[in-house]
Amino acid sequence: MRIGIVKERREDERRVAASPDTVKRYKAMGLEPVVERGAGIAAAMLDEAFAQAGARLVDGPEEALAADIVLKVQRPTEEETARLRSGQVLVGMLDPYMNREQVQTFAEKGLTAFAMELLPRTTRAQAMDVLSSQANLAGYRAMVEAMAAYSRVLPMMMTAAGTVTPAKVFVIGAGVAGLQAIATAKRMGAVVTATDVRPAAKEEIESLGAKFVGFIPKDAATAGGYARPLTPEEQAEQAKIVAEHLKSQDIVVTTAQIPGRKAPRIVTAAMVASMKPGSVILDMAAESGGNVEGSRPGEVVEVGGVRIIGARNLPSKLAPAASSLYAKNLLNFVQLIVSKDGKLAIPFDDELIRGTLLTHEGKIVHPNFQPAG
Ligand code: NAD
């Protein structure tokens, strides 16, 4: 059975879905890894390394896209989708909530498609949890970019010429990315505060030595461990606290997300206007609607001396590290659907399969993506 890895073709995507290390493991599982030449170059994984690990290198995407199992980072492009055939297994971050029509196409084509972002966040799933592995790096990178855009310094510096006070950093949303952003700012010596709506996040913020600012609405965490959208009253309560706090902050990193929905708008234009000139806001949710009014993905907007950075695919900017972890996540997942003798054996009753399987045998099987009516 072949397992195919192509070069990612979406704009700004530098990651790759397998590493020489995972290719070696696939080979040991009895699979035949087929890797498109150049697939890993942007992630510092060269063709020779893949070949040494046992991959068969091929020119162009065609052969890899014809494999029994196709591994992707991002959802396939139209051209890639056109090449996929009935019975193939597709594994990747397929972004199904934003691309329901493509889910329908996967079904019509008879693909067995797994969306890795839908993996339940259970202890057993941790080794396959692509959201965690990528968000962790994204949170780090977000803080690094915000620091680089900030024209003062983060740590306190006592010099003969005088004392420089430490920067005040505020992180909005303390999930996987937010906690790593907090830890990164702490390591640099900033004075860090953070907010979230889940009670567990408050404890985690404090355990990193940052101060919690905000309020925890009742039952704001869902059974899946995610936040629910706030009511208008709760939003107003949060806005009051955030508005007051922002006035004194130098760097703000926002990471708030509600799975399957537009990101909540937390920082308004009026709040931005109240901030000190020279402050920096990095909106990690810019691509999913934006936590910050006026942020644009992939752009830096300057408003009244405040720089608003709209993040775009941060994990791709750390492609070697992000690819190694992502590749490992996929290896752990593939081990779940391939038997010891290298045959496809999908345990359809497994909660991790039920959570991620979008389409199978011509149908959309995932409950969240059933056609209307
Ligand atoms: P996410 O990307 O969905 O959201 C980021 C953060 O934004 C979350 O902490 C969320 O609570 C917060 N948020 C949402 N709306 C907000 C608002 N209006 N104001 C302020 N903050 C808001 O979250 P995530 O990082 O994917 O983590 C989600 C959950 O999954 C967490 O409970 C986390 O601990 C859990 N998790 C579990 C595992 C595991 O056990 N396998 C692994 C990773 C994460």
Side-chain angles (χ1 to χ4, degrees), residues 1-8 15-41 43 45-74 76 80 83-94 106 109-116 118-119 124-130 133 322-361 365:
M1 206 166 59
R2 291 188 189 154
I3 186 158
I5 295 98
V6 286
K7 184 173 169 57
E8 293 291 315
R15 290 170 291 176
V16 58
S19 61
D21 181 41
T22 63
V23 158
K24 206 178 200 172
R25 304 277 296 273
Y26 289 130
K27 189 94 183 171
M29 285 165 68
L31 301 177
E32 184 193 347
V34 180
V35 176
E36 181 183 356
R37 251 178 244 284
I41 284 175
M45 295 173 185
L46 304 185
D47 290 346
E48 300 81 76
F50 280 112
Q52 267 172 21
R56 182 158 66 82
L57 291 174
V58 291
D59 291 319
E62 294 80 7
E63 258 191 275
L65 285 174
D68 303 283
I69 301 175
V70 175
L71 303 183
K72 290 277 295 137
V73 177
Q74 293 205 33
E80 288 168 334
R83 293 192 182 276
L84 297 171
R85 294 279 171 268
S86 179
Q88 281 181 286
V89 174
L90 172 66
V91 184
M93 292 187 284
L94 305 179
F106 293 157
K109 295 199 76 126
L111 300 179
T112 299
F114 292 98
M116 292 303 292
L118 301 181
L119 197 74
R124 192 178 140 239
Q126 270 176 12
M128 311 166 200
D129 189 341
V130 299
S133 73
S323 302
S324 305
L325 298 183
Y326 182 77
K328 203 68 183 289
N329 290 147
L330 292 201
L331 169 71
N332 290 324
F333 185 77
V334 169
Q335 285 173 338
L336 188 68
I337 61 171
V338 170
S339 65
K340 292 231 159 28
D341 55 350
K343 303 243 165 49
L344 195 63
I346 302 173
F348 287 100
D349 280 340
D350 189 308
E351 55 160 0
L352 305 186
I353 297 301
R354 276 190 276 127
T356 48
L357 184 60
L358 285 179
T359 62
H360 183 58
E361 291 183 338
V365 295

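Numbers here simply count residues along the sequence, with the first being 1. Atoms considered below: every heavy atom in the structure, side chains included; atoms not considered: hydrogens, waters and symmetry mates. Model, not experiment: these values are computed from the prediction.
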Answer yes or no: is there a side-chain heavy-atom contact under 4.5 Å between E80 and L90?
-> no

Would you name the heavy atoms of V73 and E8 that are closest together and state the gap between them?
-> N-OE2, 2.8 Å

Work out which heavy atom in P33 is nearest to a heavy atom in G54; give both atom names and the distance.
-> CD-O, 4.1 Å

Side-chain heavy-atom pair V334, L71 within 4.5 angstrom cut-off | yes

Got V35 and V23 here, is their nearest side-chain heavy-atom distance under 4.5 Å?
-> yes

Can you spot which of R83, R37, R56 makes a salt bridge (Lys or Arg N to Asp or Glu O under 4.0 Å) with E63?
-> R56

Shortest non-hydrogen contact between G342 and L31, atoms and distance | O-CD2, 3.8 Å

Run the numbers on I69 and L344 for side chain to side chain contact (heavy atoms under 4.5 Å, CB included), then give the verdict.
-> CA-CA 9 Å; I69 301 175; L344 195 63; 4.2 Å; yes

Of all heavy-atom pairs between A66 and Q88, which one has the smallest distance, and what is that distance?
-> C-NE2, 3.3 Å

Show the numbers, then the answer: is there a side chain to side chain contact (heavy atoms under 4.5 Å, CB included) between L330 and T22?
-> CA-CA 9 Å; L330 292 201; T22 63; over 6 Å; no

Could you walk me through whether D21 and S19 pass the side-chain hydrogen bond (donor to acceptor under 3.5 Å, both in side chains) test, one step at a time?
-> CA-CA 5 Å; D21 181 41; S19 61; 4.8 Å; no

For the residue pair F333 and F114, categorise the inter-ring angle as parallel (less than 30°), tilted (30 to 60°) or perpendicular (more than 60°).
-> perpendicular

Could you tell me the separation between the CE atom of M128 and the CG atom of L352, rounded to the nearest 0.5 Å?
-> 5.5 Å

Heavy-atom check, side chain of F106 versus side chain of L94, under 4.5 Å | yes

Check whether any side-chain heavy atom of M93 lies under 4.5 Å from a side-chain heavy atom of Q74, and answer yes or no.
-> no

Take I353 and H360, measure what side chain to side chain contact (heavy atoms under 4.5 Å, CB included) needs, and give me the verdict at the end.
-> CA-CA 11 Å; I353 297 301; H360 183 58; over 6 Å; no

If you look at every heavy atom in V130 and N329, which pair is closest and at what distance?
-> CA-OD1, 3.4 Å

What do the steps show when you test V338 against Y26 for side chain to side chain contact (heavy atoms under 4.5 Å, CB included), and what is the final call?
-> CA-CA 10 Å; V338 170; Y26 289 130; over 6 Å; no

Would you indicate whether the side-chain heavy atoms of M29 and M1 approach each other to under 4.5 Å?
-> no

E62 CD: over 12 foreign heavy atoms closer than 6.0 Å = yes

Here the pair of heavy atoms bringing V6 nearest to A64 is CG1-CB, 3.6 Å

Answer yes or no: is there a side-chain heavy-atom contact under 4.5 Å between I337 and V89?
-> yes

Do I5 and F50 come within less than 4.5 Å of each other through their side chains, counting heavy atoms only?
-> no

